[in-house]
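All of these numbers come straight from a predicted model, not from anything done at the bench. Just so it is clear: chains get the letters A, B, ... in the order the sequence lines come, proteins before strands, and each one is counted from 1.
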Amino acid sequence: MSTYDPAQIEAKWQNTWKQEGTFTATRTEGKPKYYVLEMFPYPSGKLHMGHVRNYSMGDVIARYKLATGHNVLHPMGWDAFGMPAENAAMASGGHPKDWTYGNIAEMKAQMKPLGWSLDWTREFATCDPEYYGQQQALFLDMLDAGLITRKNATVNWDPVDMTVLANEQVIDGKGWRSGAEVERRELTQWFFKISDMADDLLAGLDGLDDWPAKVRLMQSNWIGKSRGLQMAFKRSDGAGEIEVYTTRPDTLMGASFVGISPDHPLAKQLESSDPKVAAACAEMRKGGTTAEAIEAGEKLGFDTGLTVDHPLDPNWKLPVWIANFILMDYGTGAIFGCPAHDQRDLDFCRKYGLPVIDTFVALSERVGDPADADPNASKFSIQPGDLRTVPEGVTDTAFVPPKTEPVKWINHFAGLDVATGQEAIDATIDFAEKAGWGKGRTQFRLRDWGLSRQRYWGCPIPVVHCPDCGVVPEKKENLPVELPYDVSFDIPGNPLDRHPTWRDCSCPKCGAAAQRETDTMDTFVDSSWYYARFTAPHADTPTVAEDAAYWMNVDQYIGGIEHAILHLLYSRFFARAMHKTGHLPASAIEPFDALFTQGMVTHEIYKTTDDKGRAVYHLPEDVTDGKLADGTEVEIIPSAKMSKSKKNVVDPVNIIASFGADTARWFVLSDSPPERDVEWTASGAEAAFKHISRVWTLSNRIATMDQSAAGTGDQDLLKTMHKTIHDVTMGIESFGFNAAIAKLYAFTGALQKSKAGYAAQREAVMTLAQLMSPMTPHLAEEIWAQHGGEGLIATAAWPKADPAMLVEDTVTLPIQINGKRRSEITVAADLPKAEVEALALADKAVVAALDGGTPKKLIVVPGRIVNVVV
RNA sequence: GCCGGUGUGGCGGAACGGUAGACGCAGCGGAUUCAAAAUCCGCCGAUGGUAACAUCGUGAGAGUUCGAUUCUCUCCACCGGCACCA
């Protein structure tokens, strides 16, 4: 008997798989294909437990599908552009390219020993000119197809460093390096016209049955389709109108002000002539661009002194305010505020002393004489005298019932007196359209996707600015537009902007001296089509029709829930765009057939503060008992998503060194349900190792058994085996890996105790190896070989459960009395209901509970439970 | 602030609306050993009881149901996303 030596076993089988090309994806007709993809990693240079968990899950599926007779495509690549490379260059003087490719090499070396069934022949990095050159070709085709436009967008501007900041670089409204107060500033940018596809992207969600419902809901909310009313308020001074879009036109009688964004044309016009307005707007533009900063921040307003007429009563004047919580990007950049039924508006009105007017109340609330209420009456009444101004302090909570809840209208002009919000909205739009002062309009929350980044380490946008021809696309034969290597990061800003020669080029149209676009693409672009590129990773077109037709769609996509909205929505947009430009078949416009969102691996965060008061984070391996090596105490922040920036990452390399890859894989799959977060602990690794060693010892024992000796309980062992085959297969197919592993623990225990003969035990241990093979493939191959299995276990046919072996003759039925378990009876599985009832009523506990009486009710669920109500 | 999720023993967690706590960890007891490690066996939600057993128990509170960890509503705590982190 040999002891379990993972280092030797794992290297051996990895070598065999490599030599045999076991995991190289091939197209063969007449065999079903299966494309399993995990979200590709950012090459931080360090593999962490989150990667191990993610890729081990995908590997379980990939190996299972290979064993069930599929051509499996399971590729790997690198999401290699992005800010960390530039930050590293700024911090330590290297070059983003060298840093990135160095990290890729390091990370790949850490990934290989895990034995994932990846087709490494298809590997690429998004920063390979071969990849981003094809991305530029896609960009040109999309530009040609009218899917791309240029317009203004708001960015975070650092007025000291004179540069654009990422949201991540804005901390408490200040620039991360300069500490200067950040301003919102407008810049001309490139956009993908994703909002043109909003309706289609929304409708497409309906067909994604194998996506988590919560992801579809989040995307649906993000797209945010709503029907509302667009209407104009006439300025009282006669100088034009203010267009307003509202989703609650039914609350028009509760309007107390009209609000415009600080970026609204009217605000800008007032700003140019009135320094007070300019100062107010400047104040309101302070802070970052995130929705969180804008919506959670303090509400600021400025009274312009202008008024507008209420459309239903020209004598009713509403003040016009500039307000910082109104977004220019949504609707018309102007709203009317109804504080009684909108919390934000209420907060605003409380702060600035504007009136609060109810338009409807809950049905339970008595207003006036109930006898007056005629639920069928339609009413048009404008009674400004009725305005109810609620004194401050009476209520600080706006009344915002669901739109489906009927309410009583006390102040309205269309629809019934008792109606739901939705009914009132529809009636109001109808009324306004007939009266001619407003128009129903469908509006999406989804905005166009700004793709320009003022950064070096990204895919160059392949356009040229010509003094005569304007913006001109680069010619395809000149692609890729490659990034220059000779750049420096000693000053803030985009090095492409200040490169001495790179910008200089000739206009593709007229040949005159021109300048390249220096913005690069958002890294989300890179990850929006890599799944398609994997089907033909080195082709000289973005995709190859036959390969895309064969391998697309991704049958199972696996990744973190943090990508539920943006990455997945952008990918769905890109697949549609690639179809429109002839790079993907129509069947691939929803590129991911099934999606699984795994939970994150979390860990505590260790933080200290440097002499400038900035946060410094420390790796778990550098912290012992809450102290650094030099004795400095660290602040411990509760467990959070493992992230490079917070350094709360754990190095799986250490675990593999001590226990082997099979143990690491088994552990990350066993400890928590896959969709839920898992807090990394060291204790579980040891348990996994013990179990794997136990299985190896067991296999050795069986291998040395007397082969002719008969045993007892063969049938019981095989029954358990078939039950386990069934349970584990179901577990894998439903992503219940932890539950499948629990069954494997139990089966191992049963086999260990079994006194069955050699043939049955051999069959059982080989089946155990097969069932474990997606999780612990190296151990499985070793056991398979030890018992003379044919070929590789990786390609051996997956075991099938014999239905006849799954049938139980008898069942134990719990007996409940009033819903509480009090007893149980064991009966034949097919015993008729009437006999079960008779047996249950004869049960001692039931007789005692009935005390001579008759049961009120007797419920028998065949094969499940008996409930006696007394 | 808005959108989405999660909450069960000391810990990770299991449970088609049907015996709450499978399986694993930790702990306790035992076997083996000169002794230990390793291994194997048993116990292991709380309270009361020698025990049989009884009562309580799935974040808090209500509701639906013969029966709720599971469905509905309200609340609390934590986590993810919020368009330039990837």
Side-chain angles (χ1 to χ4, degrees), chain A residues 39 41-42 44 79 81-84 153 155-156 164-170 189 194 212-215 217-218 220-222 224 288-297 299 325 329 343-344 347 445-455 522-524 526-527 560-567 569-570 597 599-600 602 638-641 643-645 667 670-673 675-679 681 683-684 686-688 690-691 693-694 697 736 738-739 741-746 749 752 812-816 818-824 855-859 861 864-869:
Chain A
M39 291 176 185
Y42 179 81
S44 61
D79 189 12
F81 275 135
M83 291 203 310
V155 296
N156 300 306
V164 178
L165 299 179
N167 286 333
E168 192 189 48
Q169 298 170 322
V170 179
Q189 310 255 282
I194 189 172
K214 67 175 167 184
V215 174
L217 184 58
M218 281 193 252
S220 171
N221 288 343
W222 185 261
T289 58
T290 65
E292 187 187 1
I294 291 164
E295 287 173 42
K299 281 158 194 67
F325 61 90
D329 296 315
Q343 191 61 47
R344 275 191 311 200
D347 296 344
R445 209 186 74 97
L446 180 67
R447 308 199 300 256
D448 280 336
W449 170 13
L451 69 109
S452 302
R453 297 291 181 271
Q454 294 70 44
R455 269 180 259 294
D522 178 10
T523 55
F524 269 123
D526 313 334
S527 55
I561 184 67
E562 68 271 27
H563 294 295
I565 298 176
L566 294 180
H567 162 63
L569 191 65
Y570 291 160
T597 53
M600 285 172 293
T602 63
S639 231
K641 168 189 171 185
S643 81
K644 288 143 275 177
S645 59
F667 165 60
S670 67
D671 213 41
S672 213
E675 69 277 11
R676 226 181 287 173
D677 287 358
V678 60
E679 164 130 35
T681 65
S683 70
E686 196 124 355
K690 278 184 192 173
H691 178 258
S693 306
R694 201 175 299 138
T697 307
N738 58 327
I741 283 174
K743 302 287 183 187
L744 287 166
Y745 269 111
Q752 231 167 354
T812 301
L813 295 182
I815 297 180
Q816 294 183 334
N818 293 336
K820 288 274 180 193
R821 182 187 168 278
R822 287 292 179 266
S823 182
E824 61 182 36
K856 247 192 223 162
K857 204 166 179 181
L858 186 60
I859 292 141
V861 184
R864 281 253 163 237
I865 205 163
V866 180
N867 191 12
V868 187
V869 185

Chemist: Round to a whole Å and report the spacing from NZ of A:Lys820 to C1' of B:U58.
Modeler: 12 Å
Chemist: Pick the C1' atom in B:A20 and in B:G57, then give their distance to the nearest Å.
Modeler: 9 Å
Chemist: Examine B:G24: is either OP1 or OP2 under 4.0 Å from a nitrogen or oxygen in the side chain of A:Ser670? Give yes or no.
Modeler: no
Chemist: Under the side chain to side chain contact (heavy atoms under 4.5 Å, CB included) rule, what do A:Ile561 and A:Met218 come out as? Steps first, then yes or no, please.
Modeler: CA-CA 11 Å; A:Ile561 184 67; A:Met218 281 193 252; 3.8 Å; yes
Chemist: Separation of A:Ile561 atom CD1 from B:C82 atom C1', in whole Å?
Modeler: 14 Å
Chemist: Give the rounded distance in Å between these two atoms: CZ of A:Phe667 and P of B:C25.
Modeler: 12 Å
Chemist: With a 4.0 Å cut-off on heavy atoms, is A:Gln454 in touch with a base, just the backbone sugar-phosphate, or nothing at all?
Modeler: base
Chemist: Nearest to the side chain of A:Val869, which nucleotide is it out of B:U19, B:G5, B:C66?
Modeler: B:C66
Chemist: Return the nucleotide paired to B:U32: Watson-Crick means purine N1 to pyrimidine N3 with N6-O4 or O6-N4, wobble means G-U with N1-O2 and O6-N3, both under 3.5 Å.
Modeler: none
Chemist: Taking the minimum atom-to-atom distance to the side chain of A:Gln752, which one of B:A86, B:C40, B:G80 wins?
Modeler: B:C40
Chemist: Indicate whether the side chain of A:Thr289 and that of A:Asn167 have a donor and an acceptor atom separated by less than 3.5 Å.
Modeler: yes
Chemist: Nearest to the side chain of A:Tyr745 - B:C23, B:U19, B:G4?
Modeler: B:C23
Chemist: State the pairing partner of B:C43; accept Watson-Crick or G-U wobble contacts with both distances under 3.5 Å, and report none otherwise.
Modeler: B:G27
Chemist: Measuring from the side chain of A:Ala742 (C-beta onward, heavy atoms only), which nucleotide among B:A22, B:U39, B:G12 has the closest atom?
Modeler: B:A22
Chemist: Under a 3.5 Å cut-off for both contacts, is B:A14 paired Watson-Crick or G-U wobble with anything, and if yes, with which nucleotide?
Modeler: none
Chemist: Once hydrogens and angles are ignored, does a donor-acceptor distance under 3.5 Å link the base of B:C66 to the side chain of A:Asn867?
Modeler: yes
Chemist: Is the shortest heavy-atom distance from the side chain of A:Leu569 to the side chain of A:Leu446 under 4.5 Å?
Modeler: yes
Chemist: So what's B:U6 paired with, Watson-Crick or G-U wobble, going by both distances under 3.5 Å?
Modeler: B:A77
Chemist: Determine the interatomic distance between P on B:C3 and the same-named atom on B:U8; round to the nearest Å.
Modeler: 25 Å
Chemist: Using heavy-atom distances to pick each residue's nearest nucleotide on RNA chain B, tell me which of A:Ala296 and A:Ile865 is more 5'.
Modeler: A:Ala296
Chemist: Going by purine N1 to pyrimidine N3 plus the second Watson-Crick contact, or the G-U wobble pair, all under 3.5 Å, which nucleotide sits opposite B:A38?
Modeler: none
Chemist: To the nearest Å, give me how far apart CZ (A:Arg822) and C1' (B:C53) are.
Modeler: 11 Å
Chemist: Check every atom of B:A14, B:A83, B:G18 against the side chain of A:Arg676 and return the nucleotide holding the closest atom.
Modeler: B:A14
Chemist: Across all strands, who's sitting opposite B:C71 as a Watson-Crick or G-U wobble pair, both distances under 3.5 Å?
Modeler: B:G63
Chemist: Using whole Å, report how far CD of A:Glu675 lies from P of B:U6.
Modeler: 9 Å
Chemist: Of the nucleotides B:C25, B:A86, B:U19, which one has an atom closest to the side chain of A:Arg821?
Modeler: B:U19
Chemist: Side chains of A:Val170 and A:Thr290: closer than 4.5 Å at any heavy-atom pair?
Modeler: no
Chemist: Could you check whether A:Pro673 gets within reach of a base, just the sugar-phosphate, or nothing at all, counting any heavy atom under 4.0 Å?
Modeler: sugar-phosphate
Chemist: Between B:G9 and B:A46, how many Å separate the two C1' atoms, rounded to a whole number?
Modeler: 9 Å
Chemist: Would you mind telling me which residue lines up with the more 5' stretch of RNA chain B, A:Glu295 or A:Val861, judged by nearest nucleotide?
Modeler: A:Glu295
Chemist: Taking B:G80 as the reference, what is the distance to B:A86 when you measure between their C1' atoms (whole Å, please)?
Modeler: 14 Å
Chemist: For B:C82, give the paired nucleotide (Watson-Crick: N1-N3 plus N6-O4 or O6-N4; G-U: N1-O2 and O6-N3; both under 3.5 Å), or none.
Modeler: B:G1
Chemist: I'd like to know whether A:Leu566 forms a side chain to side chain contact (heavy atoms under 4.5 Å, CB included) with A:Trp222, so could you lay out the CA-CA distance, the side-chain angles of the two residues, the decisive distance to 0.1 Å, and finally the verdict.
Modeler: CA-CA 9 Å; A:Leu566 294 180; A:Trp222 185 261; 3.8 Å; yes
Chemist: Would you kindly give the CD1-to-C1' distance between A:Ile565 and B:C85, to the nearest whole Å?
Modeler: 16 Å
Chemist: Of the options B:A83, B:G5, B:G18, whose atoms approach the side-chain atoms of A:Gln816 most closely?
Modeler: B:G18
Chemist: A:Lys214 NZ to B:G4 P: how many Å, rounded?
Modeler: 12 Å
Chemist: Give me the distance, rounded to whole Å, that separates B:C85 from B:U74 when you measure between the P atoms they each carry.
Modeler: 34 Å
Chemist: Taking atom P of B:C23 as reference, at what distance in whole Å does atom NE2 of A:His691 sit?
Modeler: 13 Å
Chemist: Any non-hydrogen side-chain atom of A:Met83 less than 4.5 Å from a side-chain atom of A:Arg453?
Modeler: no
Chemist: Distance check, P atoms only: B:U72 and B:G4, in whole angstrom units.
Modeler: 14 Å
Chemist: Could you tell me how the ring of A:Phe524 sits relative to the ring of A:His567: parallel (under 30°), tilted (30 to 60°) or perpendicular (over 60°)?
Modeler: parallel
Chemist: Do A:Asp329 and A:Arg447 have side chains that approach each other closer than 4.5 Å (heavy atoms only, starting at C-beta)?
Modeler: yes
Chemist: Look at the side-chain N and O atoms of A:Asn738 and state whether any lies under 4.0 Å from the OP1 or OP2 oxygen of B:G24.
Modeler: no
